[in-house]
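This one's a predicted model, so the numbers in the text were calculated from it and none came from an experiment. Lettering of chains follows the sequences in order, A, B, ..., and the numbering in each one begins at 1.
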2 protein chains.
Amino acid sequence: MSTSTTDEEDRIDAVVKALNILEALWQADGAGVTALAERTGLAKSTVHAHLTTLRSKGYVVQEDDEYRLSLRFLSFGEHVKHAEPLYAASETPIAELSERVGERVLCSTHQNGLGTVVNVSEGTRSFTSDIDVGTHTYLHSSAGGKAMLAHFSEERIDRIIDEWGLPVFTEETIGDRDALVDELAAVREAGVAYSRGEYLQGISAIAAPIRDTDGTVYGAVTVAGPDHRLANEWEDRDLCTQLLSTANTIEVNLLFS
Amino acid sequence: MSTSTTDEEDRIDAVVKALNILEALWQADGAGVTALAERTGLAKSTVHAHLTTLRSKGYVVQEDDEYRLSLRFLSFGEHVKHAEPLYAASETPIAELSERVGERVLCSTHQNGLGTVVNVSEGTRSFTSDIDVGTHTYLHSSAGGKAMLAHFSEERIDRIIDEWGLPVFTEETIGDRDALVDELAAVREAGVAYSRGEYLQGISAIAAPIRDTDGTVYGAVTVAGPDHRLANEWEDRDLCTQLLSTANTIEVNLLFS
DNA sequence: ATCGACGTTCAGCAGAGCGGAACGATTTTA
DNA sequence: TAAAATCGTTCCGCTCTGCTGAACGTCGAT
């Protein structure tokens with residue numbers, strides 16, 4: 001996932017630099033001053049000053065000759081997770097769905113034109129993947145993202161495309177604006193969105209939007225699994241029905257929170 | 001929990017200010033510019049500039065006339081959680097223990113002289129509390145913290161007391177250095193640490209340290225519950241045995257990770 | 001219609017943050 | 001064993017950036 005917006009409205013340089021260092025530290029899973037300086041394009045002394053600051057505030061720890069993100073981020077992470085209504089509302093429903101269909105079920109939402117996975121329930125047949133709670137995704141290249149996008153206004157979709165573009169990940173990824181608009185119309189028609197390897201080769205998914213009565217889009221539920229299993233099953237009306245039922249349950253849960 | 005160290009080695013002002021704003025935003029669970037300016041003691045325009053920066057980098061979102069932490073922190077949170085070996089190593093053992101004893105079981109570790117809850121497993125009789133994954137705790141005022149402290153060197157204990165002090169939360173909290181040293185000797189003797197309402201009134205806990213063969217302290221397992229249940233049970237050798245067995249299982253798991 | 005509270009914008013000055021070079025300490029190569 | 005490379009850290013001066021206080025525009029409440 002891209003680590004910085006294309007927006008040049010960044011105002012405070014020092015803060016942007018500190019955040020870039022944190023992001024680099026996150027991607028590298030711990031690193032030394034020199035490595036971070038290369039990765040961020042800053043002078044070693046600058047990186048050092050930032051790391052000292054971050055360490056004294058407890059956001060970074062220094063051990064085994066490298067700096068790492070500290071457990072303080074755990075507080076923030078848990079905080080935003082529980083502050084997100086979808087988290088509690090989806091917990092039980094997606095657990096039931098994943099048990100029933102045996103595949104991995106995800107619940108995601110959107111923020112700043114990107115998707116974020118809020119909750120995951122593993123199925124008995126779950127595959128390994130790097131998609132987990134907290135993972136950011138582009139909205140155009142995943143089933144859940146398309147399920148959400150389909151119910152946005154056209155201007156909003158344009159703004160998102162302007163900001164994030166339509167990066168292509170596999171041969172199946174929709175990289176063209178007009179093709180995407182057509183696809184979204186089909187999604188609205190069908191009520192669910194499909195992805196056959198549009199983000200990860202060999203992985204298919206079906207997703208349903210989670211919406212309010214007034215049309216506000218809160219998120220999406222996604223069932224994901226290997227092509228060969230899901231591609232056969234999604235002809236199956238039953239999977240769609242269960243998926244929509246789960247989405248509806250979450251919608252109802254959201255009303256009482 | 002205190003939001004800033006007593007250490008005055010902070011180097012980059014702008015970053016410190018940005019972090020203070022994030023912390024204020026976290027504590028307030030979303031707030032406006034004016035409220036944040038009051039809380040942090042900065043000028044409104046300064047807060048605004050920082051929020052603009054943080055928003056453009058995607059760390060903060062603006063909705064319903066207030067700013068909130070964004071879901072980006074979810075990535076960081078999950079990252080540090082999975083990077084912490086204790087998380088995976090404790091998952092199964094504490095689930096089994098909480099099922100057996102019916103109380104809440106926590107696994108915590110230490111960083112910068114503070115404790116952090118890494119994993120929690122609810123028991124059937126779990127009480128509600130504000131202690132959750134990611135919660136920071138002082139080491140002197142909790143069972144888990146004392147279990148860890150007891151196996152630190154005396155100089156290290158002194159350094160921690162110097163940095164964080166011995167704040168008193170209830171009538172039972174140990175606020176005196178010498179009393180703490182005596183207590184820690186008793187903990188070493190017993191192999192487990194007790195807390196009877198030393199942090200939260202009415203809540204007792206028993207904890208065992210998680211250590212390496214060379215004595216390195218990785219963390220602690222804690223069983224927590226209401227006074228009236230645990231106070232009776234901890235005479236019971238059986239609870240201690242199960243606790244120590246769980247701690248040992250985690251220690252073994254750590255060796256194979 | 002008036003007032004108050006809020007988020008936002010503006011401009012100028014003080015001082016803070018940045019980079020380049022140098023320093024010790026440690027490890028790797030010859 | 002000595003030399004050379006690499007790393008983290010420190011220092012210093014210059015430029016430019018971040019900070020503040022005041023002013024502006026907008027919304028809601030009175």
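- Of the possible donor and acceptor atoms, one in the side chain of A:Ser75 sits under 3.5 Å from a partner among the backbone N and O of B:Gly134.
- The interatomic distance linking B:His50 (NE2) with C:dG7 (C1') rounds to 17 Å, in whole Å.
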>> Apply side chain to side chain donor-acceptor pair (under 3.5 Å) to residues A:Lys81 and A:Asn119 and explain how you reach the verdict.
In response: CA-CA 9 Å; A:Lys81 190 161 84 177; A:Asn119 211 346; over 6 Å; no

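- One atom, NE2 of A:His48, and another, C1' of C:dG17, lie 14 Å apart when rounded to the nearest Å.
- Judged purely by atom type and a 3.5 angstrom limit, B:Ser108 has no side-chain atom pairing as donor or acceptor with the backbone of B:Val118.
- For the side-chain contact (heavy atoms from CB on, under 4.5 Å) with B:Leu106, the qualifying choice from B:Ile94, B:Ile131, B:Thr135 is B:Ile131, the only one to do so.
- Contact between the side-chain N/O atoms of B:Gln62 and the OP1/OP2 oxygens of C:dC6 is not found at any separation under 4.0 Å.
- Here the side chain of A:Gln111 pairs no donor or acceptor atom with the backbone of B:Ser70 at under 3.5 angstrom.
- Following rounding to the nearest Å, B:Asp65 (CG) and C:dT8 (C1') show an atom-to-atom distance of 13 Å.
- Of the possible polar contacts, one joining the B:Arg188 side chain to the B:Ala150 backbone as a donor-acceptor pair under 3.5 Å is found.
- Along DNA chain D, the stretch of nucleotides lying under 4.0 Å from any heavy atom of chain A spans, 5' to 3', D:dC7 to D:dC19.
- The residue A:Thr46 sits close to a base: some heavy atom pair falls under 4.0 Å.
- Set against C:dG19, C:dT8, C:dG7, the side chain of B:Tyr67 has C:dT8 as its closest nucleotide.
- In this structure, A:Lys44 and B:Ser45 both approach DNA chain D, and ranking their closest nucleotides by distance from the 5' end singles out A:Lys44.
- Counting any heavy atom pair closer than 4.0 Å across all strands shown, A:Lys17 reaches sugar-phosphate atoms only and no base atom.
- Residues B:Leu22 and B:Leu69 meet the side-chain proximity criterion, which asks for heavy atoms closer than 4.5 Å.
- C:dG17 atom C1' lies 13 Å from atom CD1 of A:Ile12, rounded to whole Å.
- The nearest whole Å value for the distance from the CG atom in A:Leu54 to the P atom in C:dG17 is 13 Å.
- Atom CG of B:Asp13 and atom C1' of C:dC18 are 15 Å apart (whole Å).
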